Amino acid sequence: KERDLAFSLDQVFRHRTVRQLARELKASGLAAAPAGTTTPFSLLSEEDRRRVPAGIEDAYPLGKLQAGMIFHSEASRGASVYHDIFSFHARTRTPFDPDVLWTAVEQLVERHPALRTTFDITRFSEPLQLVHARGVVPLGVEDLRGLSPEEQEEALAAWTAAERERGFDLARLPLMRYQVHLRGEDSLQFTVSFHHAIIDGWSDATMITELAVSYQHLRRGEPHPFEAPVTRHREFVALERQALGSPETRSYWRQKLHDLPSVELPHLGSPEAGERGAIWHTVPISEDLSEGLKRLSRAAAVPIKNVLMAGHLRVLALLAGQPDVLTCVTSSGRPETVDGERVLGLFLNSMPFRIDIGAGGTGTWRELA
């Protein structure tokens with residue numbers, strides 16, 4: 001894009017050599033596509049704009065998956081639905097400095113609007129997310145160094161249970177909290193607690209990386225290397241709304257799902273399942289099987305997830321008693337902009353994935369993968 005050459009990620013994967021990609025660019029034209037065209041409040045009606053309270057630097061509608069998460073959160077209050085808690089046991093090369101980490105957290109919140117976002121589902125013509133000009137993500141520190149390893153684990157479990165009970169009010173900041181538990185002179189437990197509607201898994205990994213790298217730089221007295229992303233989460237919302245209003249998109253999915261047979265799986269009822277109707281069963285994978293899956297992945301020239309998906313589809317077809325099956329694939333709809341991969345937010349969509357494993361030469365595992 002810096003050289004005014006425009007191609008999509010889809011084209012990169014379909015044309016895997018420089019020569020093929022150059023031919024594609026020549027055929028499709030070289031001019032770079034314009035970047036996102038939304039501005040703060042541009043996705044709101046005039047009436048809603050006038051009703052935005054002071055202290056809000058941006059507001060825009062919810063993405064569809066955000067709306068679904070918030071619906072289930074409100075419908076299941078007290079059940080900690082979509083309240084995610086991730087925890088990491090880390091070694092430290094130098095003594096932990098809470099003041100330095102607090103500075104890194106403040107700078108992170110300033111860079112990323114998602115960490116300053118709340119939701120208002122009642123006061124506007126449609127549910128909105130409000131980006132506050134200022135926000136704070138709390139950072140708690142607790143010293144567990146006087147406890148045995150077993151007592152530390154018990155304390156961490158008790159803290160996590162209490163944190164789940166505490167929950168979040170989606171209309172108020174913060175929707176994320178950080179916690180450090182000191183476990184030794186050179187080790188600590190770092191925990192992130194947040195509502196899933198504000199960030200996805202890719203965002204979480206990006207956030208933790210930025211926080212760790214910033215802490216290390218600030219600990220050495222150096223400035224952090226990160227700029228605030230230019231791309232905004234509202235670009236994704238605008239693209240999603242554009243797709244929802246597109247006759248071409250609607251026609252594509254109608255054609256894709258036309259005459260879809262019902263995929264009915266047998267009900268494997270169990271007293272252990274309880275109210276949720278499901279139980280978890282862990283199946284260990286041997287080293288030989290793991291290596292075999294990797295070999296198949298390399299032979300088919302596809303990611304390992306394609307091989308695992310092939311197994312999933314075979315099982316669905318077996319249980320449903322038919323080769324034409326439908327499953328769900330979670331996809332990331334991040335805008336293809338220069339810093340689109342660094343934006344924090346929820347960019348996910350649950351996409352229907354249909355395949356007839358008995359047609360089109362998918363008779364072998366390699367062909368299906």
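Computed from a predicted model, the values in this text were never measured in an experiment.
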* **side-chain contact (heavy atoms from CB on, under 4.5 Å) partner of Tyr60, the single match among Leu130, Val131, Thr38** => Val131
* To do: If a pair satisfies salt bridge (Lys or Arg N to Asp or Glu O under 4.0 Å) and one of its residues is in residues 117-138, list it, with sequence neighbours excluded.
  => Asp120-Arg123, Glu126-Arg241
* Asked: Are Leu128 and Phe71 connected in the hydrophobic side-chain network, where two residues link if heavy atoms are under 4.5 Å apart?
  -> no
* **Residue pair His195, Ser73: steps toward the side chain to side chain donor-acceptor pair (under 3.5 Å) verdict** => CA-CA 9 Å; His195 196 283; Ser73 295; 2.8 Å; yes
* Would you check if there is a donor-acceptor pair between the side chains of Glu47 and Ser45 at a distance under 3.5 Å? => no
* To do: Scan for salt bridge (Lys or Arg N to Asp or Glu O under 4.0 Å) pairs involving residues 189-204, sequence neighbours excluded, and state none if there are none.
  => Asp200-Arg334
* Structure fact -> salt bridge (Lys or Arg N to Asp or Glu O under 4.0 Å) pairs touching residues 92-112, sequence neighbours excluded, are Arg111-Glu210
* With Tyr215, which residues qualify under ring pair (Phe, Tyr, Trp, His ring centres under 6.0 Å), at least two apart? -> none
* To do: Inspect the surroundings of CZ in Arg14 and state if more than 12 heavy atoms from other residues, nucleotides or ligands are less than 6.0 Å away.
  => yes
* Tyr178: partners by ring pair (Phe, Tyr, Trp, His ring centres under 6.0 Å), with sequence neighbours left out -> Phe190
* Asked: Does NZ or CZ of Arg314 lie under 6.0 Å from the centre of the six-membered ring of Trp365, at an angle within 45° of the ring axis?
  -> yes
* Verify the distance criterion only: is there a donor paired with an acceptor across the side chains of Thr160 and Glu163 at less than 3.5 Å? => no
* To do: Establish whether Leu101 and Met176 are linked, either directly or via other cluster members, by ILVMFWY side-chain heavy-atom contacts under 4.5 Å.
  => yes
* To do: Could you tell me if the ring centre of Phe194 sits under 6.0 Å from that of Phe168?
  => no
Listing, residues 180-187 side-chain donor-acceptor contacts under 3.5 Å, not counting sequence neighbours, or none:
residue: His181; atom: NE2; partner: Glu142; partner atom: OE1; Å: 3.3
residue: Arg183; atom: NE; partner: Gln152; partner atom: OE1; Å: 2.8
residue: Arg183; atom: NH1; partner: Glu153; partner atom: OE2; Å: 3.4
residue: Arg183; atom: NH1; partner: Gln189; partner atom: OE1; Å: 2.8
residue: Arg183; atom: NH2; partner: Gln152; partner atom: OE1; Å: 3.3
residue: Arg183; atom: NH2; partner: Glu153; partner atom: OE2; Å: 2.8
residue: Ser187; atom: OG; partner: Gly184; partner atom: N; Å: 3.4

* Among all residues two or more places apart in sequence or in another chain, which pass the ring pair (Phe, Tyr, Trp, His ring centres under 6.0 Å) test with His224? -> none
* **Sequence neighbours excluded, every pair satisfying ring pair (Phe, Tyr, Trp, His ring centres under 6.0 Å) that has a member inside residues 303-335** => none
* List, by chain and number, the other hydrophobic cluster members for Val213, where Ile, Leu, Val, Met, Phe, Trp and Tyr join if side-chain heavy atoms come within less than 4.5 Å, directly or indirectly. => Phe226
* State, with a plain yes or no, whether a side-chain heavy atom of Pro223 is found less than 4.5 Å away from one of His217. => no
* Asked: Going by heavy atoms in the side chains, are Glu227 and Asp339 under 4.5 Å from each other?
  -> no
* Asked: What salt bridge (Lys or Arg N to Asp or Glu O under 4.0 Å) pairs are there with at least one residue in residues 280-290, not counting sequence neighbours?
  -> none
* Name of the residue among Gln179, Arg177, His83 meeting side chain to side chain donor-acceptor pair (under 3.5 Å) with Ser193 -> His83
* Run the side chain to side chain donor-acceptor pair (under 3.5 Å) check on Thr231 and Thr337 step by step: do they pass? -> CA-CA 7 Å; Thr231 305; Thr337 51; 2.7 Å; yes
* To do: Output the rest of the hydrophobic cluster of Met69: all Ile, Leu, Val, Met, Phe, Trp and Tyr residues reachable through side-chain heavy-atom contacts under 4.5 Å, sorted by chain and number.
  => Leu65, Val81, Tyr82, Leu346, Leu348
* Asked: Can you tell if the side chain of Thr330 reaches within under 4.5 Å of the side chain of Met351, non-hydrogen atoms only?
  -> no
* **Residue list, ring pair (Phe, Tyr, Trp, His ring centres under 6.0 Å) with Phe236, at least two apart or on another chain** => His233, Phe347
* Asked: Taking side chain as C-beta onward, heavy atoms only, is Val329 less than 4.5 Å from Met309?
  -> yes
* Backbone N/O of Pro95 and side chain of Arg219: donor-acceptor pair under 3.5 Å -> yes
* Answer whether the closest heavy-atom distance between the side chains of Arg50 and Glu46 falls below 4.5 Å. => yes
* Side-chain heavy-atom pair Ser148, Glu151 within 4.5 angstrom cut-off -> yes
* **Test: Glu235 and Arg232 ion pair at under 4.0 Å** => no
* Is there side-chain contact between Pro61 and Leu44, with heavy atoms separated by less than 4.5 Å? -> yes
* Asked: Is there a path of hydrophobic side-chain contacts, each under 4.5 Å between heavy atoms of I, L, V, M, F, W or Y residues, that connects Val137 with Phe96?
  -> yes
* Asked: Is Thr117 close to His132 at the side-chain level, that is, under 4.5 Å between some pair of heavy atoms?
  -> no
* Check the side chains of Asn349 and Ser331 for a donor-acceptor pair under 3.5 angstrom, ignoring hydrogens and angles. => no
